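Report on one structure; see the data block that follows.
Keep in mind the model is a prediction, meaning the values are calculated, not measured. Computed from heavy atoms alone, side chains included, the values below leave out hydrogens, waters and symmetry copies.
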Amino acid sequence: MSISRFDGSSVKHAALALVCAVTVLAAAGCDDDSRRSSPPAHQHPATRGAVVSVIPVADLDAKEVAARVAKAGIDATQVRYGVRADRIVYRTVDFKGKPTTASELVAMPKNDERGLRVVSWLHGTEVYRGQVASVNDESRDRATALLFASTGRAVSAPDYLGLGKGPGIHPYGDPKATVTASVDALRATRTFARREGRGLDRRVLISGFSQGGPATMLVGRALQQGVDPYFRPGVLAPVAGPFDLSGFEAAAADDKVERSSLYLAYFATAWNRMYGLYGAPDQAFRAPYDKKVETLFDGDHKASELAAALPRTSKQLFTEAFLQKVRHPTGDLRRKLGVMDSTCDWRPDVPVHLFHARGDKDVSFANSLRCRRQLTAKGADQQLSDVGEFDHSATVLKALPQIVREFDKAR
């Protein structure tokens, strides 16, 4: 955690955050001064997007932001402003629609602009709850949020459900939970911005990497359909997303993607909790892994721990019967995979700029080609940029400066 030099306004900001952190807030939030006090929490309904707590996590000048961004491997030449960042816990619903909370990182530029465009940054696959932007100062997603904020924009970077400070286990790949957590994070960001005396433009600049690629399209479609009375999509810029989830999981079953066993085990355990893919663990996992795989994917184990505990291949980890089920899905599994296979199968009213690298061995370039075909068939304004012969993790680093330029062109 890095909180650097505080000026007078920063002290005020930090003091406000401490007040908000110990107060359960209504949707209107905590005021930026002491002229009014919040009524007791029981007088307000549990509004989705209502702010529960605010904790400052960074206060950096432009030079410090540039250093942090460069350390993450991102081109820092577009950094213009210093940034303040806070971890916000907010009210939302779980994948069953029951009330819960989630966390996000909110980053704001240290400039004099009162009205800001807002970026929704949707992160890629994370198995460990402590790796996400709101809690890990060294995460690339934290650096990404700092970059966007340093260009003069507000940033909402949701951790999704069950990661960061959210309770429970992450419902990996559930479309409804992805949308609700991300849209409610935008609502919380707007409340927080108002408290800071700033307003957010209703047109959201949405981008995300890997898991966040389909999430970008899901959130964009939901906003276009009016899921929120205020926010609408502005630009969509997904990076290296598995837009053909059926094909991706089948390839993982055949060990044709990097880290196939980890990806497929995360998918299998998460979707079994939500939808019931198998009965007893030994129906899906070979011994001795059937005794421990489900406990490994609880959000409290780092990716390095999982890699050490799991075999390298899906063939070694899974039963052949389960691999066949993934290769040739039927019934409810096929229908639910179909939802994630069609995240690009609509016509956005705004430009879509896809980014991918042909060198990606985790999520093949064919996924973005599929997305582009679906968008083209619907008559969408779209383009696909190949960022080069880079691996999966490097793809986003190369795409980010181009995404900033794309957002700069947005009206």
### Message
Please check this pair: side chain of His301 against backbone of Leu306, looking for a donor-acceptor N/O pair closer than 3.5 Å.
### Response
no
### Task
Would you confirm whether Glu64, through its side chain, and Asp61, through its main-chain N or O, come within 3.5 Å as a donor-acceptor pair?
yes
### Task
Look at Arg405 together with Asp408 and state whether they make a salt bridge at an N to O cut-off of under 4.0 Å.
no
### Message
For Asp159, run the side-chain contact (heavy atoms from CB on, under 4.5 Å) check against Val132, Leu105, Val89 and tell me which one passes.
### Response
Val132
### Message
Among Ser182, Ser156, Ser120, exactly one meets side chain to side chain donor-acceptor pair (under 3.5 Å) together with Glu104. Which residue is that?
### Response
Ser156
### Task
Would you confirm whether Arg370, through its side chain, and Asp341, through its main-chain N or O, come within 3.5 Å as a donor-acceptor pair?
yes
### Query
Within the distance-only criterion (no hydrogens, no angle test), does the side chain of Arg190 pair as donor or acceptor with the backbone N or O of Gly49 below 3.5 angstrom?
no
#### Entry: Heavy atoms of other groups near Arg334 CZ, more than 12 under 6.0 Å
no
### Query
Is the backbone of Asp94 close enough, under 3.5 Å, to the side chain of Thr100 for a donor and an acceptor to pair up by distance?
no
### Query
Donor-acceptor pair, Arg203 side chain versus Arg232 backbone, under 3.5 Å?
no
#### Entry: Within 6.0 angstrom of Lys291 NZ, more than 12 heavy atoms from elsewhere
no
### Query
Is it the case that more than 12 heavy atoms not belonging to Arg312 sit under 6.0 Å from its CZ atom?
no
### Task
Quick one: list whatever passes ring-ring contact (aromatic ring centres under 6.0 Å, His included) with Phe231, sequence neighbours left out.
none
### Query
Can you tell me if Gln224 uses its side chain to pair, donor with acceptor, with the backbone of Arg347 under 3.5 Å?
yes
### Task
Any chance you could lay out the salt bridge (charged side-chain N to carboxylate O under 4.0 Å, His left out) test for Lys398 and Glu389, step after step, and finish with the verdict?
CA-CA 11 Å; Lys398 300 301 180 181; Glu389 290 294 328; over 6 Å; no
### Query
Which pairs count as disulfide (SG to SG under 2.5 Å) when at least one residue sits in residues 306-389, sequence neighbours excluded?
Cys344-Cys371
### Message
What I want to find out is whether Asp255 reaches Lys315 closely enough, with some N-O distance under 4.0 Å, to be called a salt bridge.
### Response
no
### Flag, side chain of Arg129 to backbone of Gly162, donor-acceptor distance under 3.5 Å
yes
### Task
Would you confirm whether the ring centroid of Tyr289 sits within less than 6.0 angstrom of the ring centroid of Phe285?
no
### Task
Please determine if Arg153 and Glu113 form a salt bridge, counting it only when a charged side-chain N lies under 4.0 Å from a carboxylate O.
no
### Query
Under the ring-ring contact (aromatic ring centres under 6.0 Å, His included) rule, what pairs show up with a residue in residues 390-411, not counting sequence neighbours?
Phe148-Phe407, Phe209-His392
### Task
Classify the ring geometry between Tyr278 and Phe322 as parallel (under 30°), tilted (30 to 60°) or perpendicular (over 60°).
perpendicular
### Query
Got a donor-acceptor contact below 3.5 angstrom from the Arg48 side chain to the Tyr90 backbone?
no
### Query
Do the rings of Trp271 and Phe267 sit parallel, tilted or perpendicular, given the 30° and 60° boundaries?
tilted
